[in-house]
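In this chain, residues are counted from 1 in sequence order. Indexing begins at 1, ligand by ligand and atom by atom, following the structure's order.
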Amino acid sequence: MDRIELLKKTKLFVLDMDGTFYLGDNILNGSLYFMQQLEKYGKEFIFFTNNSSQSPEKYIDKLSKMDMHITRDQIMTSGDVMIRFLNTHHKGKSVYLLGTEPLIKSFKDCGIKLINDEVNKYTFDDIDKPEFKALKPDIVVVGFDKTLTYDKLTFACTFIREGSMFLSTHMDINCPVVGGFIPDSGAMCAAIKLSTGIEPRYVGKPFSETADMVADATGIAKEEMAFVGDRIYTDVATGVNNGAMGVLVLSGETKKEDIPLSDIKPDAVYESIYEMGKLMNENL
Ligand SMILES: [Mg+2]
């Protein structure tokens, strides 16, 4: 699509954060300028991250330190998508969650029936005990669990092997950090899949559950929504694969030479969200 046309057509920009709005702890040059242009031209936005290890409040706080002040309804995580998915399709079902404290709290606050406290009293040596077997949940959910232990991994594998449904917030394999990468939920799911032979179902970017949730929450049609980010296979694919637009920015992971190598073709490519703002200012 024409790069100006896309900016004109888009009513809602769904923005990735790391590599798109900021890089680590530093805001990217011109990010606030882009947000000013959105306001000027009556465009809406929300931030969306696949990282389910932190609470939305933590991101609100991080953004406010960059002079970007948002409300709770202007940010979504893959954890939010999973909660909505469970409450829509599996209401009242019991869940064992591999996740950090903030994610566990979000699940509890939204009425998900977690059995973590009961299960985590045991160790991996206990899996043949009848009282442990009796705890088997309907569903195992794997998030980005930075508190993962061998016990928890064994519990998840045991339940899934015995028939619990296997879901995960997002498929990202590594999470970029200063100086390298740390294993993300996709890598944890790969270990469980190897042990059990069972594939997980993911709901975060690039899957339809994410686009559906954004459409439901904002009331904006998918055709008028652009998913903007620095990763083709998650950010851009969410738009391209699900009836919305997928926009690539070159301010993070993806380089220009990577684009022809990908099966997913972005609807438009910009250097940064700053360039998007500049083009809006000059052409809208
Ligand atoms: Mg990113």
Margin query: Before moving on, can you tell me the angle at the Mg ion (ligand 1) between the OD1 atom of D230 and the O atom of D18, to the nearest 10 degrees?
Written below: 100°
Notebook entry, point to check: Does the side chain of V203 reach to within under 4.5 Å of the side chain of L167, using non-hydrogen atoms?
Noted result: no
Note to self: Could you go through K136 and E162, starting from their C-alpha distance and side-chain angles, then the distance that decides it, and tell me whether this counts as salt bridge (charged side-chain N to carboxylate O under 4.0 Å, His left out)?
What the structure shows: CA-CA 8 Å; K136 184 175 84 79; E162 286 172 7; over 6 Å; no
Next item on the list: Measure from the side-chain N and O atoms of T210 to the backbone N and O of P206, and report whether any donor-acceptor pair falls under 3.5 Å.
Entry: no
Next item on the list: Examine all N, O or S atoms of E253, backbone included, and report whether one is under 2.8 Å from the Mg ion (ligand 1).
Entry: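 Not a single backbone or side-chain N, O or S atom of E253 is under 2.8 Å from the Mg ion (ligand 1).
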Next item on the list: Among residues two or more places apart or on two chains, list those pairs meeting ring-ring contact (aromatic ring centres under 6.0 Å, His included) that have a residue in residues 153-187.
Entry: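 Sorted pair list: Y96-F159, F132-F155, F132-F159.
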Notebook entry, point to check: Which single N/O/S atom of D16 lies at minimum distance from the Mg ion (ligand 1)?
Noted result: OD2
